[in-house]
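Comments concern the structure below.
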Amino acid sequence: MSFIFSRNFYHLRNCLLISANIRLLGIHSNRCIVFLLRTFSDVTHRLPQTITPHIINLQFNISLASKEPKISYQYSDPIQLYQEQKEGDTIDQPATILVLDLGTTGLNSKTDKITEIAIRDVQGGMNSKFYTLVNREVTLKNHKRNELHTESGVPRMEEAIPELLKWVHSRQINGKPVIFVAHNGHCFDFPFFVRAFHEYGYQIPENWLFLDSLHLARQVLHDNGTKLKRGNHKLKDLVKFFNIVVEASAQKAMVDVNALCAVLQQMTFVSKLTSGDLVERAYTASRYSTRRSSE
DNA sequence: TGCCAGGCCCTCTTTAGGGCCTT
């Protein structure tokens, strides 16, 4: 039992949420018992060896009272984008595609603050989702969300950026570009994102690219002769247009990320856009930092 | 519901105005 958990305990917990507790339900001395496992030492010291063959269930409890940073790395299913493949070809992934959504205190990237970061790698798999609340010092209008947001476990932006850099690097394919996709990203998410990096002395890596799915939708869905009218390219409109079912979640920004992943998938198939085409349509961070330096 | 900022895009443009879209 210890051997199994020594290899998997933290990995298992991190896949769920860094502040998650693991409950093990088993049979011991002919009685049903529950063990709450917070650390590996709980496994080695508190768990009776006799329970080993009688584990009947594992439960995962998300603890909101934890003092640990609340950055979560979660599993997601892969999103298959359109891939032009001829017989005998091997599939070449030209870039890592990360769908991004930010929560903020308002619309002005110069004066408002990021409060929530949600990113999903369309490749899917273990740790393919990055989610965190940030800037616990700011106050949200929504009282219930503000209670979660101001907890001590919520990292400051300068604490979250190094974790974000490490995570993106872990998703990168052999130094190939990373494309961040966001809806109305040109005017909203990307200026906030780039400005936050500069504010804390971080440079956006040169091979990070940015693609606005609103811009893309207006171009490709119009070119494709769809009946989507001008003024109907909100994320909700696209979700409805493609008959996508959106799952609810307490992680508000991740709901939109999941929706945009599905929308992006549909758009690439409707317009036969490969990942390589997305790379060609993406911009560098200088597009969003030029305005800042000229102020 | 409308406001907030601002880049994009469309229309009636040519010089500009206004709606879209994001929290």
Side-chain angles (χ1 to χ4, degrees), chain A residues 98-120 131-150 154 157 160 179-196 198-199 204 209-242 244 246 248-264 266-267 271 278 280-295:
Chain A
L98 305 177
V99 175
L100 164 76
D101 189 70
L102 300 179
T104 70
T105 55
L107 300 173
N108 190 335
S109 62
K110 297 185 185 71
T111 57
D112 289 308
K113 292 288 184 184
I114 296 174
T115 57
E116 192 176 12
I117 303 172
I119 312 175
R120 176 173 169 181
Y131 177 83
T132 185
L133 299 170
V134 287
N135 289 328
R136 62 177 176 267
E137 67 277 13
V138 302
T139 305
L140 305 183
K141 292 174 184 174
N142 184 318
H143 180 69
K144 285 186 177 178
R145 291 190 68 79
N146 195 54
E147 283 183 1
L148 286 176
H149 190 263
T150 54
V154 172
M157 195 65 202
I179 306 179
F180 288 88
V181 181
H183 206 62
N184 200 25
H186 282 335
C187 299
F188 185 75
D189 300 84
F190 302 149
F192 269 100
F193 193 75
V194 172
R195 178 173 282 270
H198 288 162
E199 186 177 347
I204 299 285
L209 303 174
F210 299 87
L211 180 69
D212 186 344
S213 56
L214 171 63
H215 194 196
L216 188 69
R218 283 171 172 161
Q219 285 183 330
V220 303
L221 297 182
H222 180 265
D223 293 346
N224 227 271
T226 60
K227 294 179 180 177
L228 203 58
K229 295 178 182 176
R230 180 173 181 262
N232 288 356
H233 293 84
K234 290 190 287 288
L235 185 56
K236 282 182 181 176
D237 293 331
L238 297 176
V239 164
K240 187 176 179 183
F241 180 73
F242 288 120
I244 293 165
V246 179
S249 168
Q251 298 179 343
K252 188 170 174 288
M254 193 57 84
V255 173
D256 285 347
V257 162
N258 291 333
L260 183 52
C261 281
V263 166
L264 182 66
Q266 294 291 330
M267 282 202 293
S271 52
L278 299 183
E280 290 179 5
R281 288 169 181 262
Y283 293 85
T284 63
S286 62
R287 178 188 177 106
Y288 313 102
S289 53
T290 305
R291 275 175 271 138
R292 180 178 182 273
S293 59
S294 63
E295 286 167 9

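We use all heavy atoms of the structure for the numbers below, so side chains are in, but hydrogens, waters and symmetry mates are not. Here is the naming used below: chain letters follow the sequence lines, and residue numbers restart at 1 for every chain.
Rounded to an integer number of Å, the gap from CZ of A/Arg218 to P of B/dC10 is 8 Å. Atom NE2 in A/His186 sits roughly 16 Å away from atom C1' in B/dA5 (whole-Å rounding). Atom pair A/Leu214:CG and B/dC8:P shows a separation of 11 Å (rounding to whole Å applied). Atom P of nucleotide B/dT23 and atom CG of A/Leu260 are separated by 11 Å, given to the nearest angstrom. Atom NE2 of A/His233 and atom C1' of B/dC21 are 11 Å apart (whole Å). Protein atom OH of A/Tyr283 is 13 Å distant from nucleotide atom P of B/dG7, rounded to whole Å. The distance between atom CG of A/Asn184 and atom P of B/dC20, rounded to the nearest whole Å, is 13 Å. Between the P atom of B/dG6 and the CZ atom of A/Phe190 lies a distance of 18 Å, rounded to the nearest Å.
Going from the P atom of B/dC12 to that of B/dG18 covers 14 Å, rounded to whole Å. Atom P of B/dG2 sits at a distance of 29 Å from the matching atom of B/dT14, rounded to the whole Å. The P atoms of B/dT1 and B/dG17 are separated by 28 Å, rounded to the nearest whole Å. Across B/dT23 and B/dA5, the matching C1' atoms stand 11 Å from one another, rounded to whole Å. The C1' atoms of B/dG19 and B/dT13 are separated by 15 Å, rounded to the nearest whole Å. A distance of about 27 Å separates the C1' atoms of B/dC21 and B/dT15, rounded to the whole Å.
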Next item on the list: Could you please spell out the steps behind the side-chain contact (heavy atoms from CB on, under 4.5 Å) verdict for A/Asn135 and A/Thr115?
Entry: CA-CA 6 Å; A/Asn135 289 328; A/Thr115 57; 5.6 Å; no
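Comparing A/Asn108 and A/Glu116 along DNA chain B, the residue whose closest nucleotide (by nearest heavy atom) sits nearer the 5' end is A/Asn108.
Among the protein residues, A/Leu107 comes within range of the nucleic acid bases, having at least one heavy atom under 4.0 Å from a base atom. Nucleic acid contact for A/Asn232: sugar-phosphate only, since backbone atoms but no base atoms lie under 4.0 Å from a heavy atom of the residue. Among the protein residues, A/Asp189 comes within range of no part of the nucleic acid, since none of its heavy atoms lies under 4.0 Å from any strand. Counting non-hydrogen atoms under 4.0 angstrom, A/Gly106 reaches a base of the nucleic acid.
With ring centers used as reference points, A/Tyr283 lies 6.0 Å or more from A/Phe210.
In this structure, CG on A/Leu211 lies 7.0 Å from NE2 on A/His186, to the nearest 0.5 angstrom.
Nearest nucleotide to the A/Lys234 side chain, out of B/dG6, B/dT23, B/dT22: B/dT22. Between B/dT23, B/dG6, B/dC20, one nucleotide has an atom nearer to the side chain of A/Lys110 than all others, and that is B/dG6.
Side chain of A/Arg120 to main chain of A/Cys261: no donor-acceptor pair is present (N/O by atom type, distance under 3.5 Å, no hydrogens or angles). Proximity of a side-chain donor or acceptor of A/Thr105 to a complementary backbone N or O of A/Asp112 within less than 3.5 Å is not detected.
Of all heavy-atom pairs between A/Leu100 and A/Phe193, the closest is CD2-CD1, 4.2 Å.
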